[in-house]
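Owing to the predicted nature of the structure, the values given are computational and were not obtained by experimental measurement. For the single chain, residues carry numbers from 1 onward in sequence order.
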Amino acid sequence: MNQARTVVRHAPGKLYVAGEYAVVEPGNRAVLVAVDRHVTVAVTAVERPGVVIASDLLPRPEHYTFDGGRLGGGAGGVPHVVAAIETVAALLADRGLEVPGLEVSVTSTLHEAGTKYGLGSSGAVTVAAVAAVAAACGLDLGAAQRLRLALLASARIDAGGSGGDLAASTYGGWIAYRAPDRAFVADLARRRGVQAALEADWPGLQVRRLPAPRALSLHVGWSGSPASTTSLVAALHRKAWRGTPSHQKFLAASADFVTAAIDALEAGDDGSLLEQIRRSRQELARLDDEVGLGIFTPALTALCDAAESAGGAAKPSGAGGGDCGIALLDVGAAHHLAHVHQRWAAAGVLPLPVAAAPEGNRP
């Protein structure tokens with residue numbers, strides 16, 4: 001191993017196109033798109049022991065040391081990076097290899113001046129950190145293995161997440177994603193080790209590349225307020241709504257319009273795709289009305305209404321409650337876009353200069 005070599009890896013952020021909330025349940029699919037803003041992680045293997053992590057979100061670098069396979073001693077300001085390093089270290093240990101000293105640097109264009117826009121920064125930094133640390137330690141891993149490691153790392157922090165953000169950050173482009181049984185695989189890794197978990201069958205896990213829409217452009221608006229996906233999903237899990245006929249209706253409706261959206265993308269049927277985005281918005285609104293999560297804020301509702309008035313389709317992306325909404329509009333309707341942006345500005349919605357990222361994260 002060349003101790004002085006620095007390895008750099010990038011991972012894009014993501015947006016949910018359809019299927020959020022339902023995809024948290026194993027076996028349910030969602031459509032996501034990676035965006036052209038990235039997290040970059042640079043890792044240098046060094047001779048001195050321990051791990052030093054610097055981030056553009058931290059006032060100063062944090063210093064960690066390994067103790068029983070876990071990193072301790074730091075201030076805890078970069079939990080997803082720590083979890084990624086611990087997971088790769090566990091894989092190295094299973095293979096009889098030692099973890100070198102590591103210097104890790106994290107930068108991101110998924111936030112500005114510390115303000116996060118809900119573009120999946122936690123997932124992107126996990127994916128980029130797994131890839132960079134693994135490469136710096138001499139591991140040659142394919143995309144499927146990196147995704148599994150990222151899922152295991154993420155489960156150390158929040159076992160309730162679907163992992164859709166991790167899949168989009170790993171593969172780029174437009175994807176259909178179905179979550180594995182995360183409790184099963186996390187338990188498998190605890191009992192048999194990370195190496196055995198990588199080699200095992202993961203029930204339910206599926207990632208499928210999709211073509212981009214033919215003549216629709218993706219537009220993103222930030223609501224002006226950040227939201228916690230973890231808190232919103234956890235709140236839904238605590239509700240008595242789960243397991244009710246209404247819950248089953250929501251899952252069935254989501255499965256139907258997600259399947260239809262996948263079919264529309266693969267057939268190049270932009271009109272059908274717009275209809276599925278509208279159905280997704282309607283079903284999220286029904287969920288919000290019944291459960292009272294606060295998915296739709298006034299800004300997100302205004303964002304959606306403005307796109308609809310211009311002949312497009314829009315919805316909150318992800319858990320809602322703030323963060324971003326997406327709109328799909330005809331690529332030839334520049335005057336419509338100007339009208340949409342005017343209405344967004346009046347509602348306090350900030351258009352973000354974000355576009356879909358191409359397939360494949362950069363080496």
Side-chain angles (χ1 to χ4, degrees), residues 9-20 30-40 107-112 115-125 127-128 164-177 207-224 261-262 264-266 268 270 273-274 276-277 280-281 300 303-304 306-308 310-318 323-345 349-363:
R9 294 293 184 267
H10 313 270
K14 66 82 182 79
L15 290 163
Y16 270 92
V17 178
E20 50 268 271
V31 174
L32 299 96
V33 59
V35 299
D36 61 352
R37 292 194 180 200
H38 296 78
V39 168
T40 298
T107 57
S108 174
T109 58
L110 297 178
H111 64 84
E112 290 184 9
T115 298
K116 296 181 180 180
Y117 294 125
L119 296 172
S121 58
S122 297
V125 76
V127 168
D165 53 349
L166 304 172
S169 292
T170 299
Y171 286 89
W174 293 70
I175 64 165
Y177 172 76
V207 182
R208 178 172 161 189
R209 293 193 185 279
L210 299 171
R214 286 188 178 179
L216 296 174
S217 55
L218 175 71
H219 302 275
V220 184
W222 187 57
S223 68
I262 293 169
L265 283 164
E266 293 187 325
D270 290 345
L273 178 60
L274 291 176
Q276 308 320 314
I277 299 301
S280 177
R281 176 193 177 184
L300 286 174
L303 180 154
C304 295
E308 291 281 352
K315 55 179 284 296
S317 178
D323 284 343
C324 291
I326 61 167
L328 290 174
L329 300 170
D330 190 315
V331 294
H335 60 291
H336 285 164
L337 178 59
H339 173 71
V340 168
H341 282 182
Q342 287 174 359
R343 290 189 56 175
W344 283 6
V349 174
L350 175 68
L352 295 181
V354 171
E359 291 183 0
N361 51 350
R362 291 175 284 176

Report task. Begin from the C-alpha positions of Val39 and Thr107 and carry the test side chain to side chain contact (heavy atoms under 4.5 Å, CB included) through to its verdict. Result -> CA-CA 6 Å; Val39 168; Thr107 57; over 6 Å; no

Query - Intermediate values then yes/no, side chain to side chain contact (heavy atoms under 4.5 Å, CB included), Trp344 and Leu303 - result: CA-CA 6 Å; Trp344 283 6; Leu303 180 154; 3.6 Å; yes

Is there a donor-acceptor contact under 3.5 Å from the side chain of [X] to the main chain of [Y]?
X      : Y      : value
Asp36  : Ala356 : no
Gln276 : Ala261 : no
Ser317 : Tyr16  : yes
Ser223 : Asp323 : yes
Arg209 : Tyr171 : yes
Ser217 : Leu329 : yes

[X] vs [Y] side-chain heavy atoms within contact, under 4.5 Å:
X      : Y      : result
Arg37  : Pro353 : yes
Leu218 : Leu328 : yes
Glu266 : Pro211 : yes
Trp222 : Val349 : no
Val220 : Pro351 : no
Pro316 : Cys304 : yes

How close do [X] and [Y] get, heavy atom to heavy atom, and via which atoms?
X      : Y      : result
Val340 : Ala307 : CG2-CA, 4.1 Å
Arg9   : Ala128 : CB-O, 3.9 Å
Ala124 : Pro12  : CB-O, 3.6 Å
Arg214 : Asp270 : N-OD1, 3.2 Å
Ala357 : Val35  : CB-O, 3.2 Å
Val207 : Ala167 : CG2-CB, 4.1 Å

[X] side, atom [atom1]; [Y] side, atom [atom2] - distance, nearest 0.5 Å:
X      : Y      : atom1 : atom2 : result
Leu119 : Cys324 : CG    : SG    : 4.5 Å
Thr170 : Tyr177 : OG1   : OH    : 9.5 Å
Leu265 : Ile175 : CG    : CD1   : 12.0 Å
Ile326 : Leu352 : CD1   : CG    : 12.5 Å
Ile277 : Leu216 : CD1   : CG    : 9.5 Å

Query raised in the report: Pick one: which of Leu273, Val17, Val331 meets side-chain contact (heavy atoms from CB on, under 4.5 Å) with Pro213?
Result: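 Of all the options given, the one that passes is Leu273.
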
Report task. Could you verify whether a donor N or O on one side chain and an acceptor N or O on the other, from Thr109 and His38, lie under 3.5 Å apart? Result ->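 No, because no side-chain N or O of Thr109 sits under 3.5 Å from a partner of the opposite role on His38.
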
Query raised in the report: Given Lys315 and Glu20, is the salt bridge (charged side-chain N to carboxylate O under 4.0 Å, His left out) satisfied, shown in steps?
Result: CA-CA 11 Å; Lys315 55 179 284 296; Glu20 50 268 271; 2.8 Å; yes

